[in-house]
Asks: 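Have a look at this one before I ask anything.
All of these numbers come straight from a predicted model, not from anything done at the bench. Proteins come first, then strands; the chains are lettered A, B, ... in the order of their sequence lines, and each starts at number 1.
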Amino acid sequence: MAKNRFDHTEIEKKAQEKWAALDLHQTDLTDTEKDPYYLMFEFPFPSGDLHIGHWYAFALTDIYARFLRMAGKNVLFPVGFDSFGLPAENAAMKNGQPTPEWTYAAIEKMRGQMRSMGTSVDWSKEVITSDPEYYKWTQWLFLKLFEHGLAQHREAPVKWCPKDATVLANEQVIDGKCERCGTDVEEKHLTQWFLKITDYAERLLTDLDPLPWREDIKESQRAWIGKSEGAKLKFQVVSAKDASTPNDSVAIEVFTTRPDTIFGVTYVVLAPEHPLIDTLEPVIANGEAVAEYRQTTSRKSERERSENKDKTGVLLEGVMAINPATHKEIPVYVADYVLASYGTGAVMAVPAHDERDFVFAKKFNLPIKYVIDPVTGSPQENPQDKQKIVAIVEHDNKILTIHWKPELGGRLFVGGTAEEGEDPVVTAMREIAEETGYTDLELIERAEEQVHHEYFAHSKNKAFIAHTTLLHFRLKSDAQQPTALEDNEIGKFEVEWVTREQAIKEVKDPLHLYAFNKFAMGMCYTGDGTLSNSGTFNGRDNREVMGEIVEAVGGEVTTNYRIRDWLVSRQRYWGCPIPIVYDPEGNPHAVPAEHLPWTLPTDVDSGSGKGESPLKASKELQARVEQIFGEGWTPECDTLDVFVDSSWYFLRYLDPKDEHDFSDQALMKKWLPVNRYSGGSEHTTVHLLYARFFYKALYDLGLVPTSEPFYERYNRGLVLDSEGRKMSKRWGNVVNPDDMVKLYGADAVRMYLAFMGPYNEAGHYPWKLTGVEAMRKFLDRIVTLSGRLSDEEPTENTLRALAKAADKVGTDIVRFKYNTAISALMVLVNELETLTAIPRTAYRELITMLAPFAPHVSEYLYENSLLTSSHAVNGDEESEVPKSVHQLEWPVIDESLLTTETIIMGVQVAGKRRGEVSISPEATEEEAVAAALAQPDVLKFLEGGTPSRIIYVPGRILNLIP
RNA sequence: GCUGGAGUGGUGAAAUGGUAGACACGCCUGCCUUAGGAGCAGGUCCCUUCGGGGGUGGAGGUUCAAGUCCUCUCUCCAGCACCA
């Protein structure tokens, strides 16, 4: 056990009491002297136990809060509890306690733990989402959205978790399973409340760009929004049963991002839930089979559907669709690989250029029509025409390849150039015979269109345009004739038969690969290129013709988003009651403001109600509704998703006790947006996106002052166990912070977490006990230094060391690079330890810089080494001496101390370091070279000669080129 | 598969294009000690004929100079994923 230089339990207690007595952390929001800075971490849900991850989240944000105060900012650093929701409810049920009681007991316990880590949060701003004083305003804001059509009541297929007996948001379904309990999710049809986040999709996307957030955070939000630009196209439906066109107005509307491939559409697919299937029911010949398929898929969970990538589907017999480009009739299928909830719930299938359609077409033997050829060359001036071929030859399930030396193109299929007026088939057979000796060939297929590509032949110094015919042969017998190679071909290649897999992997030439894909069932071509088989569009660039094609077939250019409206209804007890009542006809009405908060009834609890909301069983709620609204009126019995509670809590921090408004307009103007919001990666998509949406909606209603709520977003990494595994109760490897605090003190734990690695990175840091010990030893060494303080003036060296540290520590804290900040403190301490007497002012500055990291120890040292001494602060009146180390100002850096008169500068010869000179950073080139040439090593490597070139960057480097 | 991010000692990690490995952990040697899981001092990328040489996943390139910039490639992590 370490020999402790201080009793951490004692000093922590005293320091925390002192801060409370001095009321150090209460922010005066109306202060006009200092710059306001709103620093926030994600408020926790009351789990009842603070783990090391909480420490990482709260204590490290606290370092910045303490620093900002010392740097003269007016800092708002609040805390609250996200106390509604499933975790509390499940924990309470497990413990057999009423949910509210369990929740508030857990909050009380966590408050104590948070104080123990020395966080300087302002408890006077605390918000608790399950308090009626808070949720009154959640309800009020919800009704504002309802008033403006942003909260809607509608029937929809919803994700239902049978175990938790609740509806889930799309975002709470992971791989078709419930995010919380892992149960397979089912689909149900219920009337639910939705918030219209889809109206804000575009703004949520574009407003992301200027935010100074990490790219991965922005990217994951973009992925959720899922913007894709394309077109809606209509396919008229005709029925075989009644050709006299009773259905001529019926059309299937599809969404596609690839209208350029319209000529390659060989069938159309509807999602099983598509309403048009019901409309067409009378003319569908195989109605029973279709109905059965729809039944089966509806029973399948989302997970089963997407996990099984094997395509299933049923043809709608008796119904055909008209391809609007070719005017040909094509079949219509129902298949569950098409999602009802995306786009129009119907797709045009282009098997030649879409992988999913390709797989489906193969399975159902549907035609595959290629309409995009890859572009392999680049435009040339005055190209000369050239006829070429690429031939795929199959035999025995293997493909004939010519394996050229790497510099000649590597593995290719058979290619060649036609002689004057030669038929491509003849060219191909001639080339195959010449290069491989095979002659017994059968032509299977010949591509309708040639592929064109322009290139420049350096060997001939000429530009060409090649018109390549793609051909597909089968070998009838493997008899070989002698080959007839040209001299320059001999020994340059091997003839090899390879499997399809190997061919796909090794053939790199895009044109050859394309020919192979086209004929030999490799895959479809999803890239760009020029159109073929596409009528008047042939030869055009596919990206260019999109708009024209959409117009030509009477379609409409549109943008589609993957994000769905936010489903906020929950069939749970422990949530904010939805302030809506229904009249006897079942129409929803807002609960008038005077009845808010619309309180959660107390005569029911979690677990009441089977498969429906527990509130349904509340007599109290029903009686209340009838008393206020009259006979026949009923309450809304669902509660709000907890993400609604957490979408605006940062507004309430500004005015947590306000009974007349959700927050204070003047304070919001002054304090918003939040300067820095620190949190975990688990909340970077859902919570952040919802909060941004909610805030934007309030902005449009004139209720908040800006359009984005959070200026900076910082995501912390993850603390793992010493083996690098995730901490979990199941593994039994959870580090209990309380034990660590008992052993080493809160400051050592804080500092270790800060020192592990950069905070704002997606890093994973192992928890090492030796690391905590090291921090404790470091603090012990600082305490030891206090034993030899003196009142001498610090030397210039000491002053420089202090200035350097203050500069580095300050800038690193701002960037949350606590690891390098602490290392700068260590460098400083290492230096001070070499002194026999420590100047008091220097020590005071060290303690000042240590204070944000180790608030208790710093407070202790401040009191014992400085304040109690008559030499505390020269000349200052007792009353002017700050009572706490945390009231000191961050050291002001004397810039002149950061630049030194002489530095050690590296000297390179021909880019390699050959020596160093001690020189002024302002030295002239002549001086620097003269100093360098005095170095024997430098002279040696210059081999006596004078440098032919000199690169001199003052203060950085001198590089001499012989 | 797509999109983003990242690859540096035994470990966590440093490094405005300018001395790679700061600061620590661990390990090694020595001192002190009845003892060490305390403290102190020193050492710790690799090779070396002791002159040097090599080294930041790999291969090229730009530059006087590359961990850092560019191209290709491999690996890992994260998000999305039957999204048309």
Asks: Can you name the residues that form a salt bridge (charged side-chain N to carboxylate O under 4.0 Å, His left out) with A:R562, not counting sequence neighbours?
Replies: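 If we apply the salt bridge (charged side-chain N to carboxylate O under 4.0 Å, His left out) test to A:R562, skipping adjacent residues, there are no hits.
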Asks: Please report the distance separating the C1' of B:G18 from the corresponding atom of B:U11, rounded so that it comes out in whole Å.
Replies: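 These two C1' atoms come out 29 Å apart once rounded.
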Asks: Which is more 5' along RNA chain B, the nucleotide nearest A:R949 or the one nearest A:Y561? Just name the residue.
Replies: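 Between the two, 5'-proximity favours A:R949.
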Asks: State whether A:F6 and A:R776 meet the cation-pi test: NZ (Lys) or CZ (Arg) under 6.0 Å from the six-membered ring centroid, and within 45° of the perpendicular axis.
Replies: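 Yes - A:R776 lies over the ring of A:F6, closer than 6.0 Å to its centre and within 45° of its axis.
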Asks: How would you list, by chain and number, every residue that makes a ring pair (Phe, Tyr, Trp, His ring centres under 6.0 Å) with A:F364, sequence neighbours excluded?
Replies: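 For A:F364 the ring pair (Phe, Tyr, Trp, His ring centres under 6.0 Å) partners, ignoring immediate neighbours, are A:Y333, A:F360.
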Asks: For A:R750, check side chain to side chain donor-acceptor pair (under 3.5 Å) against everything at least two apart and list the hits.
Replies: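 Testing A:R750 for side chain to side chain donor-acceptor pair (under 3.5 Å), a comparison that skips the adjacent residues, returns A:D62.
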Asks: Whole angstrom is fine here: how far is it from CD1 in A:I217 over to P in B:C80?
Replies: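 The distance from CD1 of A:I217 to P of B:C80 comes to 14 Å, rounded to the nearest Å.
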Asks: Mind telling me if B:G51 is syn or anti? Syn here is a glycosidic angle within 90° of 0.
Replies: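 With its glycosidic angle within 90° of zero, B:G51 counts as syn.
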Asks: Rounded to whole angstrom units, what separation is found between the CZ atom of A:R222 and the P atom of B:G4?
Replies: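 Value for this atom pair: 9 Å.
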Asks: Dot-bracket for RNA chain B, 5' to 3', with Watson-Crick and G-U pairs under 3.5 Å, [ ] for crossing pairs and | for other-strand pairs: what is it?
Replies: (((((((..(((.....[....)))((((((.......))))))(((....)))..(((((..]....))))))))))))....
Asks: Write down the distance between CZ (A:R258) and P (B:A84), rounded to a whole number of angstrom.
Replies: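 For the pair A:R258 CZ and B:A84 P, the rounded distance is 11 Å.
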Asks: In terms of side-chain heavy atoms of A:K817, which of B:G12, B:A15, B:A22 is nearest?
Replies: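 It is B:A15.
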Asks: Check the interface with nucleotides 76-79 of chain B: list each N/O to N/O pair with the protein under 3.5 Å, or write none.
Replies:
none

Asks: Let me see the working for A:S681 and A:N715 under side-chain hydrogen bond (donor to acceptor under 3.5 Å, both in side chains), right down to the final yes or no.
Replies: CA-CA 6 Å; A:S681 56; A:N715 270 17; 5.2 Å; no
Asks: Tell me: CG of A:D357 to P of B:A84, nearest whole Å?
Replies: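 Spelled out: CG on A:D357 to P on B:A84 is 12 Å.
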Asks: Not counting sequence neighbours, which residues clear ring pair (Phe, Tyr, Trp, His ring centres under 6.0 Å) with A:F755? List them please.
Replies: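 Not a single residue meets the ring pair (Phe, Tyr, Trp, His ring centres under 6.0 Å) criterion with A:F755.
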Asks: With rounding to the closest Å, how many angstrom separate the P atoms on B:C46 and B:G9?
Replies: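 Pairwise P distance, B:C46 against B:G9, rounds to 12 Å.
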Asks: Listed by chain and number, what are the ring pair (Phe, Tyr, Trp, His ring centres under 6.0 Å) partners of A:F235, not counting sequence neighbours?
Replies: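 A:F235: no ring pair (Phe, Tyr, Trp, His ring centres under 6.0 Å) contacts found.
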Asks: Who passes side-chain contact (heavy atoms from CB on, under 4.5 Å) against A:D336, sequence neighbours left out?
Replies: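 A:P272, A:Y293, A:T297, A:K300, A:R305, A:T312.
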Asks: Who pairs with A:P954 by side-chain contact (heavy atoms from CB on, under 4.5 Å), at least two apart in sequence or on another chain?
Replies: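 Once residues adjacent in sequence are excluded, the partners of A:P954 under the side-chain contact (heavy atoms from CB on, under 4.5 Å) criterion are A:Y952.
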Asks: Report the residues that fulfil salt bridge (charged side-chain N to carboxylate O under 4.0 Å, His left out) with A:K742, sequence neighbours left out, ordered by chain and then residue number.
Replies: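 A:K742 satisfies salt bridge (charged side-chain N to carboxylate O under 4.0 Å, His left out) with no other residue.
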Asks: Counting just side-chain N and O atoms, does A:N819 come under 4.0 Å of either OP1 or OP2 of B:G12?
Replies: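 Result: no.
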Asks: Between P on B:U19 and CG on A:L958, what's the gap in Å once rounded to a whole number?
Replies: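 From A:L958 CG to B:U19 P: 13 Å.
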Asks: Choose from B:A38, B:C23, B:C82 the nucleotide whose nearest atom is closest to any side-chain atom of A:D336.
Replies: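 Within the option list, the nearest is B:C82.
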Asks: Quiz question: going by heavy-atom distance under 3.5 Å, is there a donor-acceptor pair between the base of B:G18 and the side chain of A:Q908?
Replies: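 Answer yes: a donor N or O sits under 3.5 Å from an acceptor.
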Asks: Check the chi torsion on B:G61 and let me know: syn if it falls within 90° of 0, anti if not.
Replies: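 Chi for B:G61 falls in the anti range.
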Asks: To the nearest Å, how far apart are A:N959 CG and B:G17 C1'?
Replies: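 Between C1' of B:G17 and CG of A:N959: 13 Å.
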Asks: Going by ring pair (Phe, Tyr, Trp, His ring centres under 6.0 Å), name the residues that satisfy it together with A:W213, two or more places apart in sequence or in a different chain.
Replies: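 Once residues adjacent in sequence are excluded, A:W213 has no partner under the ring pair (Phe, Tyr, Trp, His ring centres under 6.0 Å) criterion.
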Asks: Just N and O in the side chain of A:T820: are any of them under 4.0 Å from OP1 or OP2 of B:C23?
Replies: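 Answer no for this pair, as no side-chain N or O of A:T820 is under 4.0 Å from OP1 or OP2.
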Asks: Taking the minimum atom-to-atom distance to the side chain of A:K777, which one of B:C64, B:A24, B:A38 wins?
Replies: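 Selected nucleotide (nearest to the side chain): B:A38.
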Asks: Please report, rounded to the nearest Å, how far the C1' atom of B:G12 is from the CD1 atom of A:I822.
Replies: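 Taking atom C1' of B:G12 as the reference, CD1 of A:I822 is at 13 Å.
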Asks: More 5' along RNA chain B: A:V347 or A:M826, using each one's nearest nucleotide?
Replies: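 Looking at the nearest nucleotide for each, A:M826 comes out on the 5' side.
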Asks: Can you tell which of B:G18, B:G4, B:A24 lies closest to the side chain of A:E215?
Replies: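 Minimum distance to the A:E215 side chain belongs to B:G4.
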Asks: Does anything in residues 748-758 of chain A come within less than 4.0 Å of RNA chain B? Heavy atoms only, and list the residues if so.
Replies: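 Only A:F755, A:M756, A:P758 qualify.
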Asks: Between B:C82, B:A84, B:G26, spot the one nearest the side chain of A:D354, thanks.
Replies: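 Of B:C82, B:A84, B:G26, B:A84 is nearest to the side chain of A:D354.
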Asks: Which whole-number value in Å describes the distance from A:L718 CG to B:G12 P?
Replies: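 The distance from CG of A:L718 to P of B:G12 comes to 15 Å, rounded to the nearest Å.
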Asks: Would you mind reporting whether A:R258 and A:I372 have side-chain heavy atoms less than 4.5 Å apart?
Replies: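 Yes, close enough: below the 4.5 Å cut-off.
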Asks: Is A:Y337 close enough to B:A84 that one of its side-chain N or O atoms is under 4.0 Å from OP1 or OP2 there?
Replies: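 For A:Y337, the contact criterion (side-chain N or O under 4.0 Å from OP1 or OP2 of B:A84) is not met.
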Asks: Does A:K232 make a cation-pi contact with A:F255, if we ask for NZ or CZ under 6.0 Å from the ring centre and within 45° of the axis?
Replies: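 Here A:K232 fails the 6.0 Å and 45° test against A:F255.
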